[in-house]
Structure formats: structure tokens, C-alpha cells
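Inspection log for the structure reproduced underneath, given as C-alpha cells.
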Amino acid sequence: MSIQMKATAFLMSILVISGCSNDAQPADEMNHSMMNHDSEEMDHSMMDGSSMNNGHMSHDNVVRLNDSTGENEVNIPPLLASDTEKGRNYTIKAQKGEVEIFDGIKTATLGYNGDFLGPVLRFKKGETVTIKTINELDEMTTFHWHGLEVSGEADGGPHKTLSPGEEETITFEVTQEAATLWFHPHPEGKTSEQVYKGLAGLIYIEDNNSTELELPNEYGKTDIPLIFQDRTFNDQKQLDYKAVMNDDGTIGDTLLINGTINPKLKVTKEKVRLRLVNGSNARNYTFKLNTGDSFVQIATDGGFLNEPVTLNEVTLTPSERAEIVVDFAQLNTSNDLALINEDGSTLLPFELVSQQEKVTKLTEELNDFSVTEEERNMQVTKHIELFGMMDHVEINGKKFDPERIDFTQKQGVTEVWEIYNKKDMMGGMIHPFHIHGTQFKIISRDGVEPAANEKGWKDSIAVHPGEKVRLAVQFKHKGVYMFHCHILEHEDNGMMGQIEVK
């Protein structure tokens with residue numbers, strides 16, 4: 001593509017989609033800037049950032065989601081039963097399918113053990129789990145266990161591809177505390193499309209602590225998983241990824257929750273636990289109640305907070321999770337209730353179906369998570385610089401190379417990683433940064449302690465333009481693991497590195 005064509009494409013992106021917010025200059029200023037560079041200067045600037053600084057186009061004008069009309073009850077994914085009476089033995093198949101997302105129309109999709117999305121796997125800390133993975137697609141895929149602390153061999157990164165018809169069995173011991181995790185494909189260059197078409201499922205981990213806490217825990221009734229994904233459908237109501245793909249993050253105008261279009265959730269007038277999962281390729285969500293009422297957050301990506309944190313909103317970037325509890329007995333129910341996005345779009349209307357069946361008083365002490373003084377005072381040993389736009393994204397000035405190990409770390413040793421989101425001339429964009437095979441602690445954001453609802457185990461973190469975050473990172477297992485931006489198109493375009501744990 002010529003430089004002039006690239007410039008035109010960049011300018012067109014102002015008017016359409018994006019994944020994140022930034023401090024953007026006006027489009028006409030950008031146009032003037034670009035048109036005053038000759039081809040060589042523009043090509044050089046796009047690649048090394050000297051003039052353009054890999055400056056992406058506007059991410060302020062994100063396509064607004066269509067309001068949910070609440071016509072359809074949200075699908076609750078099934079709990080996957082073990083293949084055997086004793087032990088935890090599962091079979092997960094990646095499959096092609098078709099599903100009636102729209103009435104009377106079959107949409108071609110991908111799914112795990114079904115046509116679209118996947119089931120929920122439930123583990124308990126201390127158990128040994130065996131999972132047979134089978135690829136029934138007509139292309140390569142992997143099975144990545146996002147947030148699960150397993151060996152590099154079992155993690156399912158881009159090195160562990162399965163060709164069509166291949167299968168592999170992994171076995172591991174569950175060593176981490178109660179959490180909401182998920183699984184999805186991770187083949188190099190194909191992750192974004194396979195997730196977009198439907199490959200995603202959830203993992204619940206339980207432990208002795210979680211089963212003893214006073215929390216809503218009736219699956220599908222007071223404990224509800226919610227996977228948020230935005231999509232664009234063509235005139236034939238199909239998911240034509242190649243037609244809508246954007247190198248800076250593919251954004252859609254139609255929200256699916258657990259694969260349900262125009263969803264609603266029936267709830268009783270009691271405390272209900274919502275496990276929020278941002279399963280989108282690139283869109284950020286800021287979840288709020290349309291009444292302005294507060295809720296409490298009880299868990300982050302990888303475990304419980306020490307105590308419930310009262311909030312009026314919570315923001316999740318792609319791959320982040322949060323468990324919140326909404327007390328529907330205390331809300332003003334004279335008007336319609338809904339979960340909305342920051343821009344006011346209706347994400348999930350609630351239908352109150354009955355009075356509370358029982359009174360649940362939330363436990364005030366949920367966990368004993370802490371960042372130690374030793375961790376706070378450790379020197380930074382890993383420096384990560386995130387930079388770029390579209391297909392010119394990079395980490396520490398490099399694109400992903402499967403043959404290159406970027407860092408090494410010793411098993412069981414905590415190190416401090418500093419993640420820096422380098423601004424470009426357009427201000428930059430939020431990069432959700434994810435590390436495979438571990439749950440980390442946030443030490444600081446620009447030298448300041450994280451907010452109360454981030455003081456828990458995390459595997460993904462939103463890094464804002466110009467921001468430096470410090471993380472305490474330890475790996476329980478050996479192997480090669482990925483670290484990358486979880487805007488899936490950025491990941492596919494090479495915004496990813498590798499660490500070998502020895």
C-alpha cells in the first residue's frame with residue numbers, strides 16, 4: 001500500500017471505530033500534518049515514530065452500541081460435567097457451528113462443545129484436572145487458559161497449535177484461589193478472528209474460602225456470568241470479520257451478552273452477583289446502573305478483594321473481569337432498571353420477577369491479599385514499553401518473533417515489571433496488558449497506590465497513555481509465556497513478547 005493510501009486509511013479511521021480513548025488532535029490538523037510530509041519522511045515516521053510517532057487516529061469517536069431492547073432472556077452458559085464420576089476430566093472441542101442469533105436466521109459461528117461460545121468449567125483449588133482438547137475446525141487453533149497458573153506447555157500460547165483433527169491432553173493441579181477466568185484461542189495472527197466468531201468460555205475456580213463466604217452463589221440465579229462482546233453483522237446477519245476488521249481494534253455496534261442479542265436478565269429482589277467479563281476484541285466498557293445507585297465490587301481478575309468496595313461504576317478493558325454484587329432489594333424500582341455503558345447506551349435491562357427469597361449479608365472480610373513492603377521496595381528488573389498504532393504496534397521497539405525470548409525469570413521468584421505506555425503525537429491509547437501463566441499484584445500507577453478495587457490479583461491491566469505501572473510478578477511454573485496487549489488486533493499484529501521461566 002502506498003504511503004498516500006495509508007494516510008487516507010488512517011484519516012478514514014477517525015470516522016469509524018476504535019477501542020480506546022485518547023487525547024486526539026483534530027482530524028484537519030492531522031490531515032495537514034500528514035500531507036506536509038513527503039513519502040519517505042512519512043514512511044520513516046510511521047515505522048520509527050520520529051515524526052508521526054506511530055500516532056493513531058481518533059479513538060474518541062467510538063461507535064455507540066445499539067440499546068438492548070430487552071427482548072431476549074440472556075443465555076446462561078451450561079456447566080460442563082466431568083467425563084468421569086471421579087476426578088475432574090473434561091473434553092473441550094473447538095467447532096464450527098451456526099446459531100439463530102436473529103429470529104429465523106442462522107449465523108455461521110464458532111464455539112466450544114457447541115455452536116457458539118462455550119460452557120463453564122468449574123475447578124477447586126487442590127484438585128488435579130485433565131482436559132482433552134480437540135480441534136474440529138478447518139484451521140489451526142490453540143486452547144489458551146487465560147488467567148490460569150499452569151506450565152508453559154499447558155498454557156496454550158501460539159507455540160501450541162493444533163491442526164484440524166488434532167487433539168492434545170493436558171493435566172495440571174489447581175494451585176490458585178477462587179476466581180473467574182476464561183479460555184479462548186491464541187494462534188499467531190488468527191486470535192482476533194477466532195474470538196470474534198465465537199471461541200470463548202469461562203472457568204470458575206472455587207476454594208475453601210469462597211465456599212464459606214456469605215455471597216450469592218446459586219449459579220444462573222444469584223451468581224450469573226456475563227460475557228460482553230460487541231459485533232457487527234452484515235446485511236445477511238453474518239459475522240464477516242474480514243469486512244469489518246480494523247488493525248487498531250475491531251469495534252461493533254451490536255452487543256451480545258453470552259451470545260444473546262437484545263438481552264435482559266430476570267432477577268429477584270435480593271443481592272445478585274454478576275461476573276462481568278470483557279470478551280470484546282477492543283471495546284472498553286464502563287458499567288453503571290441507570291438509576292445512579294451504587295453496587296459493590298468483590299473480586300478482580302484473579303481473586304477476591306479484601307473487602308467489598310462500593311462503586312458507582314467500574315471500567316473493564318478487553319480481557320479484564322470484575323465480580324460485582326447488586327442489591328436489587330434496595331434499588332428504586334419505580335422505573336426501568338438497567339446496566340448501562342458510560343455513554344448511556346443500555347447494555348442489560350433487568351426484569352424484577354419476585355420479592356427476595358433470602359437475605360444475604362455480605363461478608364466484610366473476603367481475603368488477605370497484600371503487597372508487601374519488600375515488593376514495594378524492589379528495584380524494577382523488567383521494563384516494558386508499549387507503543388504504536390494499527391499494524392505498527394511494538395513492545396520495546398520490536399514485533400513478536402516466536403524464535404526470540406525477550407526476558408527470562410526464575411520460577412517462584414518475584415520481580416517488579418514496569419509497564420510504560422509511550423504517548424504518540426495523537427496522545428496515545430489505552431493498552432490492556434496481559435501476562436500469561438500468572439496472577440500479578442499492582443504496586444503503583446505513576447508512583448501512586450492503585451484504587452481500592454484494583455488491590456487484588458490481576459492478569460490484565462489497563463495502561464493509560466503516558467502512564468507507568470509497576471507490577472509484582474511471580475511464576476509458579478516453568479515454561480515460555482506470552483505478554484501482550486489484549487486488543488486482539490494489536491496482539492495479532494505483533495504487540496507481544498515472550499518470557500522464559502526457568
Side-chain angles (χ1 to χ4, degrees), residues 20-22 146-147 149 176-181 275-278 284-288 294-325 342 364-386 414-423 428-475 483-487:
C20 312
S21 62
N22 76 326
H146 184 118
E149 295 176 337
Q176 62 201 98
E177 63 185 55
T180 304
L181 313 179
R275 304 197 190 211
L276 308 176
V277 181
N278 185 342
N284 303 328
Y285 299 89
T286 296
F287 299 100
K288 307 165 65 173
S294 63
F295 50 82
V296 296
Q297 182 174 341
I298 61 170
T300 52
D301 299 339
F304 290 116
L305 297 165
N306 285 348
E307 58 187 25
V309 176
T310 300
L311 301 169
N312 289 104
E313 62 182 48
V314 62
T315 298
L316 299 180
T317 58
S319 84
E320 287 189 294
R321 286 92 62 209
E323 296 182 32
I324 67 172
V325 175
E342 187 175 30
E364 288 301 315
E365 295 183 7
L366 303 173
N367 208 346
D368 60 356
F369 174 90
S370 67
V371 177
T372 68
E373 282 303 309
E374 181 183 5
E375 290 166 339
R376 294 179 197 278
N377 295 320
M378 283 181 177
Q379 295 297 309
V380 174
T381 54
K382 302 283 190 292
H383 291 270
I384 308 287
E385 182 183 274
L386 309 174
T414 299
E415 293 192 31
V416 174
W417 294 30
E418 184 175 84
I419 320 302
Y420 171 45
N421 183 352
K422 182 180 178 181
K423 284 188 175 183
M429 61 187 297
I430 297 171
H431 290 293
F433 181 75
H434 170 52
I435 308 176
H436 286 212
T438 186
Q439 292 288 333
F440 53 73
K441 302 175 182 180
I442 304 174
I443 298 173
S444 64
R445 288 181 174 275
D446 285 335
V448 178
E449 282 195 14
N453 69 316
E454 285 193 318
K455 293 181 178 180
W457 293 108
K458 295 279 290 174
D459 55 58
S460 300
I461 180 172
V463 188
H464 294 254
E467 186 178 37
K468 290 182 179 179
V469 299
R470 289 191 175 184
L471 313 175
V473 181
Q474 181 188 117
F475 294 89
F483 54 89
H484 59 87
C485 175
H486 217 284
I487 292 174

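Residue Met378 comes nearest to Val416 through the heavy atom pair CB-CG2, 3.5 Å, listed as atom of the first residue, atom of the second, then distance. Pro318 and Asn284 make their closest contact through CD-OD1, 3.3 Å (heavy atoms, listed as atom of the first residue, atom of the second, distance). Residues His484 and His436 approach most closely at NE2-NE2, 3.1 Å, considering heavy atoms. In terms of heavy-atom proximity, Ala322 sits nearest to Val314 at CB-CG2, 4.5 Å. Of all the heavy atoms in Glu177 and Phe304, the pair that sits closest is OE2-N, 3.8 Å. Closest approach of Pro432 to Thr317, counting heavy atoms only: CB-OG1, 3.4 Å.
Of the possible polar contacts, one joining the Gln176 side chain to the Gly147 backbone as a donor-acceptor pair under 3.5 Å is found. A donor-acceptor pair is defined here as one N or O able to donate and one able to accept, closer than 3.5 Å; no such pair exists between the side chain of Asn453 and the backbone of Val309. Under a 3.5 Å cut-off, the side chain of Asn421 and the backbone N or O of Met429 do form a donor-acceptor pair. Of the possible donor and acceptor atoms, one in the side chain of Asn306 sits under 3.5 Å from a partner among the backbone N and O of Phe369.
In this structure, Trp417 has its ring center at least 6.0 angstrom away from the ring center of Phe440.
Here the OH atom belonging to Tyr420 is positioned 14.0 Å from the CZ atom belonging to Arg470, to the nearest 0.5 angstrom. To the nearest 0.5 angstrom, Ile461 atom CD1 is 11.0 Å from Thr300 atom OG1. Separation of atoms OG1 (Thr414) and CG (Leu471) is listed at 12.0 Å; rounding is to 0.5 Å. The CG atom of Asp301 sits 5.5 Å away from the CD atom of Glu320 when rounded to the nearest 0.5 Å. Note that the OG atom of Ser370 and the CZ atom of Arg376 stand 8.0 Å from one another [nearest 0.5 Å]. For the atom pair CD1 (Ile384) and CD1 (Ile435), the distance works out to 7.5 Å, reported to the nearest 0.5 Å.
The side-chain heavy atoms of Asn278 and Ser319, taken from C-beta on, include no pair separated by under 4.5 Å. Val473 places none of its side-chain heavy atoms less than 4.5 Å from the side chain of Glu415. Looking at heavy atoms from C-beta onward, Leu305 lies in side-chain contact with Gln297 at the 4.5 angstrom threshold. Annotation: side chain of Ile430 is not in contact with side chain of Glu467 (no heavy-atom distance under 4.5 Å). Residues Leu181 and Gln439 are in side-chain contact: their nearest non-hydrogen atoms beyond the backbone lie under 4.5 Å apart. Inter-residue side-chain proximity for His434 and Asp459 is flagged as met; some heavy-atom pair is nearer than 4.5 Å.
With Glu418 as the partner, the side chain to side chain contact (heavy atoms under 4.5 Å, CB included) test is satisfied by one option alone out of Lys468, Gln379, Glu385, Lys382: Lys468.
Side chains of Thr180 and Arg275: a donor on one and an acceptor on the other come within 3.5 Å.
Between Tyr285 and Phe287, the angle of the ring planes stays under 30°, which puts this pair in the parallel group of the 30/60° scheme. In this pair, His486 and His146 present their aromatic rings perpendicular. The plane angle is above 60°, beyond the 30 to 60° band.
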